[in-house]
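The structure appears right after this line, and notes come after that.
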2 protein chains.
Amino acid sequence: MINKMYYEQIEEVTMMNEAVRRLKEKGVKVTPQRVAILEYIVKVNDHLTAEEIHNYVKSKFPSISMATVYSTLQKLIEIGEVEELSIKKRGEACFEPKSEGHHHLLCTSCGKILNIALDCPPDCPIIKQSLIKGCKVNEVQAYLYGLCPECLRKEKEEKAAKS
Amino acid sequence: MINKMYYEQIEEVTMMNEAVRRLKEKGVKVTPQRVAILEYIVKVNDHLTAEEIHNYVKSKFPSISMATVYSTLQKLIEIGEVEELSIKKRGEACFEPKSEGHHHLLCTSCGKILNIALDCPPDCPIIKQSLIKGCKVNEVQAYLYGLCPECLRKEKEEKAAKS
DNA sequence: CTAGCTGCAAAGGATTTGCACGACG
DNA sequence: CGTCGTGCAAATCCTTTGCAGCTAG
């Protein structure tokens, strides 16, 4: 009953939502929990862990369980709405809205993950190419390890203070 | 042929001696278990899981435990002899000898991981660059998702069979 | 000697699964 | 109505930790 009320609210707000339409197109059952999860991921547009997502969605559906969050994420990945990163944030998987053309920097100092758009020459192998060394390449994810601008600044300040 | 094998052995032995020297230099205690682990990783020169390593080393030291394998891997990573990949093979971490200049393809069909040397133009961001978008980049790992030559061939054959 | 390593068992943490109930279509 | 999603709890799997005894340097 309560679920139904929530659903009506959400449905009003998201009727026009393109993502929801795509879910329906793909034959995935649209439930308020799923909409809330996808909505949050798209809105934040950042690298969220399952727990971060769970925490947020709990504010709307206090009874939602991690199992549902994980199974929903799985579904959203399958239908290409969400992407799971290969790198982990403090040991946890990270999820973000599916989008092409950016890569990730993992700051080795603070652990933050940043989106990085790389300017590549057209013949650069980092750009999706159909064939590399006899392999059919469908996707390229580049992970850069280093320091984010903040930590880089801190490091410089520390060096300056020492000398 | 025999000569070739002989020289390869010598080469391996030399590499190990150097590796052992590096361990000592870094103040890491050299134990037979550790040598066996490093030796195996260097010899195979491929992406090994902790369990694969454990299985091999058990043949030399039947009592060795996974805890020792993991702690040794940790040490070897710390001192830069071994590298842990960001991607997992069937959910398990992968380890390989540290080396620069190659990246990895994960076959989405068979799950195999292949080394891929990418030919990049000199201004390609995939090549380690000190500064990208205000970030200090120390390392770049590119992960390609697609089909290995074998699975690509199989796919083509299946398509041909259908039509 | 003695700091640090090994091996066992047990803990830890992220993710998955089985199952009963309830909701979507 | 039947299929499929949800939520709970328990299970699973990889990895880490605590600790007692042992070893390399």
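Just so it is clear: chains get the letters A, B, ... in the order the sequence lines come, proteins before strands, and each one is counted from 1.
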Give a yes/no answer on whether the side chain of R34(B) brings an N or O atom under 4.0 Å of OP1 or OP2 in dA24(D). no
Taking only the side-chain nitrogens and oxygens of T31(B), find out if one of them lies under 4.0 Å from OP1 or OP2 of dA24(D). no
Aromatic ring pairing Y40(A)/Y56(A), orientation class (parallel under 30°, perpendicular over 60°, tilted between): parallel
Pairing of K89(B) and E52(B) as salt bridge, 4.0 angstrom limit: yes
Give me the one residue out of E155(B), E150(B), E157(B) that meets salt bridge (Lys or Arg N to Asp or Glu O under 4.0 Å) with R153(B). E157(B)
By nearest atom, which of the nucleotides dT6(D), dC4(D), dC14(D) is closest to the K29(A) side chain? dC4(D)
Whichever of F95(B) and V28(B) has the more 5' nearest nucleotide on DNA chain D, that residue is F95(B)
Closer than 4.0 Å, any side-chain N/O of Q74(B) to the OP1 or OP2 of dT15(D)? no
When you check the phosphate oxygens OP1 and OP2 of dG7(C), does a side-chain N or O of T68(B) lie under 4.0 Å from one of them? yes
How do T72(A) and G91(B) order along DNA chain D: which one's closest nucleotide is nearer the 5' end? T72(A)
Over all strands shown, is Q33(B) touching base, sugar-phosphate only, or nothing at heavy-atom distances under 4.0 angstrom? sugar-phosphate
Return the orientation label for the Y143(A) and Y143(B) ring planes: parallel under 30°, perpendicular over 60°, tilted otherwise. tilted
Given that R90(A) and P32(B) both sit by DNA chain C, which one's nearest nucleotide is further toward the 5' end? P32(B)
Select one nucleotide: of dG7(C), dG25(D), dT16(C), the one nearest the side-chain heavy atoms of S63(B). dG7(C)
